[in-house]
Visitor: 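I have a structure here, written as structure tokens, and I will follow up with some questions on it.
All values below were derived from every heavy atom in this structure, side-chain atoms included, with hydrogens, water molecules and symmetry-related copies excluded. Quick note on labels: first sequence line is chain A, next is B, and so on, each numbered from 1.
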Amino acid sequence: MATTPMSTPRAESLSMLDTLNHAQRRAVCSDASTVAIMAGPGSGKTHTLTSRVVWLVDALAYQPQNVIVATFTVKAAREMRARIGKALSHGRHNKLVLGTFHSISRRYLAAYGAHIGLDQKFGIADDGDSRAILSRICKRLQLSLDPVQARSWISKRKAKGSKWTPTLLGRQRSGEAADFSRAYETCYQEYQDHLQRSNLLDYDDLLVRCVELLQKHPACVSNVQAVLIDEYQDTNGIQYDLMRLLAQKHKRITIVGDPDQSIYGWRSAEIANLRRLFDDFPQTDQISLEENYRSSQAILDTALTVIQQDEKRYKKVLRPVHDRGTRPTLRRLKTSADEAGWIVSEIRRIQMFSGNMMGPEDMAILLRSAALSRQVEAALGKAGIAYRMIGGFKFYERAEIKVLLDYLRVIHQPDNNDALARIINVPKRGIGDTTVKALLEEAEQSSESLWSLLIKHCRGDRIAKTNIKRTVEQRINGELIRLVLDIQKKIRQTPENAPFTLVDIIDEVLTRLSFDKYLRDTYRDDHEQRWANIQEFRLLANDFMRGNAADLDDELPQVDGLEQAEEADILTKFLANVSLASDAQNKGQDQESMPMVTVSTIHAAKGLEWPVVFIPAAYQGSIPHMRSDDTDEERRLLYVAMTRAKVLMYASCPLLSTSYGGQAEVELSSFLEPVAHIFGRIGPSFEPQRLAIMGKILGRQVPTQKSIFDSLPIGVSPNDDLYPEDPTAAQVMGTVKSHWNDPSSGMPPQKRPRLVSTTSNAGAGEDFVPGKYYATTMEQHATFTMASQLEFAAAASHQATPPMTEPGRIVPPTKSSKKGKTTATAGQTTLTGFMQRNSTEIKTEETAFPTQSDLRRPRPDARIPGPLIECGKKPDPLTLNTELARHKIEPVRAAKRMAQAARSPSPTYAGKYVQFSSSPPRPPSPADAARGRTADTTAGFQKSSAGKPHPAPTRAPPSLHNTTFNIQRQAAGVKRPAGLARPHDSAAALQKLRKPFRPLTMNRP
DNA sequence: CATTGAAGGTTTTTT
DNA sequence: ACCTTCAATG
Ligand SMILES: Nc1ncnc2c1ncn2[C@@H]1O[C@H](COP(=O)(O)OP(=O)(O)OP(=O)(O)O)[C@@H](O)[C@H]1O
């Protein structure tokens, strides 16, 4: 395919230019050698960077293998490659040297490490390894240092790079301090020695050694034409050095960043690197991007009020291109569990009342720390909402996986004392800590590895001083040493045509250890789960083998005058990959196609975006975190979280947080406290006008009101009223006061019987099953109007005295007694309320933030709907609905945003219903096109192309992420998605459901 | 000296 | 709820 280009390269970069605004284009095409783009969130920095890569490769014809693109996370790297891949043909994106700083360094070291005396088979010491090594050193040398602190000291020191100076240790301080730093120094020395003996590099060493390599052998990078760096504000000293060295030949550097989004200070990121760049490269072309394409104005303004609390920050211009949109919400709840339940209820409400314009895939829950995910995961699991967890616990860090990995590491590199020490008694072989420690000591003293000591001892060459019992010795010899040697032999002796593969190695280890038995014995309760994890690991290894053979080659191009080492064996690569991957990523299709809510740490969410973002646990101690001493960084973290949202942003805060012991009272985050009045106190309502603006911002087609209401379950409340707005208010048990206010009168809310019984606890343990309860279908589609919706709603309310077995409304998964009294408040609307409203009532209400005094009295917007559409003519609801119905409305999906951004409004829609979208929905699939876009006038969005009616507001629950809650979740009677239980292999499907594994692939909508 | 059970202190963020 | 540490037992 590469031989016959389908399109001329030029065309690709030219069409790419169309997606850029003026400033972006200037940045992309700049012929300055150093280009620095500093701009706020959502201004298209990443888009610009990827476009510049395309420009360099396509228009300027740089060889892709001579272009280096560095990112900070594996996810960002993948995302970037995918994005570039869309714009560059012929697989050129796969040839780019693209990855995290660490993975790029690893590649250079693997290829040229020999030139600086590095053994090619070096392993990578992960955090656990480093900590273990250091605590042993501290103990042995009787240093009174905390291993964790020592680790961070060492890491900081390495991260400083060339900027490190001994003065950092403090010159002539008090004797004690000097002792202290000497202790650190000793520790550091010992640590490095130990790593070297084990042929290990820690994460920082990868960078340090790569810098060394590039300094001593500039030839390695003599081919490099350009270096591009994303999220530059997160670079640390050594990475800066590395950047310069990588670009030393042509000094062509492009960086993108935003000081306000610097959230890796704790990893020694230095914002000062920006200054440094300008000092070192005075000719740098500095470009700022000032338009925010991501968020509604309301979200952006709110986020800015947070970041502006930081007075030291350098102020930038950031203009929203979108409408004001919906006000963010700051919700108070009683407990963390309520908070999670509330999020679930909002997720459902958004999906239902947006008529599926926004689904699970569009929503993210962003957390300060991974531990906070507990409650959220429990609530999502209970509600049967699929989710993926990003950040936090890692698949490769599970105990059973680590054991297996350690075996692989020992096979790969037996001199890795730490790995060997960890598995020497796993499964139990009767050798305990004391003996192992003594053996390690002995090995260290005779400066050989534990492995060789053991070998010699077992062969009888040299009896270890440490006493080893006969039986123990036999077991170690027979089970462990034999296993390792045998597998090593098989790997070596294997014929080319029938290689002993990675999976074969794993299988052999599993069988010879009777790993399943080991798991059964060790983890009585959840050994099945653990075994499933192992199986998953096997699959990952398999994927890796194939992937490694097939798509991207991570080889560096040959350069003149410097010899590259031969390609390392697959085990080396696999282990490196495991260490450097933030988490496993699988290529499964099931998960890709399943719409899922994203649960992520804020750190891991950087650079991504979602239509809807929840930020729970916004309390003192969480944000800012109690253990952080950099308040500004914590604030920036919140800012990053807030600016991920496109149309809806929710922050929330419980009164009581669930900490380990019990519950503790917490206060609202000090970042939000002063600006709390800007937020709505409960979630917004979804009037058509408001939806229209959301649709416009997202570039999606808004479903008709009819289709929305057709699919609503009976009696579902349109409001955020499942939890009391004021959690401090006394709760009335048993009776539930109506929240249905009467929009036609200015009177306070009337009491009216609820549409459906809420006293039954029908909803308590049961999942809300959509589709089962949806309302009467209207017959006269063509004449369907707002007025008829009113009737419909009324009719629904009359019918709605459902049998007690039917959960008539969504009830939070908590006990029904928890439901308290709610009063209608600002922002609340009713089904009938907002349908009655017609466009003539629309005022420009949300164009300005309410003042604080506005908020004290009931806001009038229970009657006056919010956002105004900035188009000349007021939409007539009747015209709207019928006109719209002529078009086939496709099931809403995340549109390809680059394509969207590029397109101008379609003539069909332009002028007529501008309020729906400034750009047409996603391009029709071939199938859609065949059917004709105007074919189905009545189906609305509800008929998915698959022909299934009513895509569920909440899909059945796959439990794709697995923590300990997985078990709970299943016990809670979670329903399984029909689609997953394949008839031909239901056992496997079940297995899949249990799968703990979190796919990392996150689609940027 | 290894193993087992109970008590007690602990939870940031990532390569 | 989880891991490490400590004391008792085999
Ligand atoms: N010129 C443009 N026209 C329309 N949309 C754009 C344009 N440039 C970028 N966008 C859109 O704006 C959004 C944000 O882009 P991008 O992720 O590149 O921003 P960013 O500056 O990298 O954000 P962050 O700093 O938060 O990572 C994306 O959805 C992107 O498609």
Visitor: Are OP1 or OP2 of dT3(B) and a side-chain N or O of N425(A) less than 4.0 angstrom apart?
Guide: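 Looking at the OP1 and OP2 atoms of dT3(B), one of them is under 4.0 Å from a side-chain N or O of N425(A).
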Visitor: When you get a sec, tell me which of dT3(B), dT12(B), dT15(B) is the closest nucleotide to the side chain of K428(A)?
Guide: dT3(B)
Visitor: Check nucleotides 8-10 of chain C against the protein and report each pair of N or O atoms closer than 3.5 Å, with its distance, or say if there are none.
Guide:
none

Visitor: Can a side chain N or O of T434(A) be found less than 4.0 Å away from OP1 or OP2 on dA2(B)?
Guide: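 Result: yes.
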Visitor: Quick one: K158(A) NZ to dT15(B) C1', roughly how many Å, whole number?
Guide: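 Checked: the NZ to C1' distance equals 13 Å.
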Visitor: Could you give the CD1-to-C1' distance, from I124(A) to dT15(B), as a whole number of Å?
Guide: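 After rounding, the gap between these two atoms is 9 Å.
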Visitor: Under the 3.5 Å rule, do the base of dT13(B) and the side chain of R368(A) count as making a donor-acceptor pair?
Guide: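 Yes, a donor-acceptor pair under 3.5 Å.
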Visitor: Assess, by modelled atom type and distance only, whether the side chains of S670(A) and Q620(A) contain a donor and an acceptor separated by less than 3.5 Å.
Guide: yes
Visitor: Give the minimum heavy-atom separation between V306(A) and R635(A), together with the two atoms involved.
Guide: O-CD, 3.1 Å
Visitor: dT3(B), dT15(B), dT12(B): which one has an atom nearest the side-chain heavy atoms of R627(A)?
Guide: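 For the R627(A) side chain, the nearest candidate turns out to be dT12(B).
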Visitor: Side chain of R374(A) only, please: which of dA1(C), dT13(B), dT12(B) is the nearest?
Guide: dA1(C)
Visitor: Considering residues at least two apart in sequence or located in another chain, which fulfil the ring pair (Phe, Tyr, Trp, His ring centres under 6.0 Å) criterion with Y264(A)?
Guide: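 If we apply the ring pair (Phe, Tyr, Trp, His ring centres under 6.0 Å) test to Y264(A), skipping adjacent residues, the hits are W266(A), H603(A).
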Visitor: Return the set of residues passing ring pair (Phe, Tyr, Trp, His ring centres under 6.0 Å) with F537(A) (not counting sequence neighbours), or none when no residue passes.
Guide: F574(A)
Visitor: Looking only at the side chains, is there a donor atom on one of D418(A) and H194(A) sitting less than 3.5 Å from an acceptor on the other?
Guide: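 Yes, because at least one side-chain N or O of D418(A) sits under 3.5 Å from a partner of the opposite role on H194(A).
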Visitor: Please tell me if T435(A) has a side-chain N or O lying less than 4.0 Å from either OP1 or OP2 of dA2(B).
Guide: yes
Visitor: Is any side-chain nitrogen or oxygen of S622(A) closer than 4.0 Å to OP1 or OP2 of dT12(B)?
Guide: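 No, S622(A) has no side-chain N/O under 4.0 Å of OP1/OP2 on dT12(B).
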Visitor: I need the CD1-P distance between I238(A) and dT15(B), as an integer number of Å.
Guide: 18 Å
Visitor: Using a heavy-atom cut-off of under 4.0 Å over every strand shown, decide if I263(A) touches base, sugar-phosphate, or nothing.
Guide: nothing
Visitor: Taking CZ from R131(A) and P from dT14(B), how many angstroms apart are they, rounded to a whole number?
Guide: 14 Å
Visitor: Can you confirm whether K437(A) is buried at NZ, in the sense that more than 12 heavy atoms of other residues, nucleotides or ligands lie under 6.0 Å from that atom?
Guide: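 Atom NZ in K437(A) is not crowded, with 12 or fewer foreign heavy atoms closer than 6.0 Å.
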Visitor: Can a side-chain donor-acceptor contact be found between R388(A) and T598(A) if the only test is distance below 3.5 angstrom?
Guide: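 The criterion, which ignores hydrogens and geometry beyond distance, is satisfied for R388(A) and T598(A).
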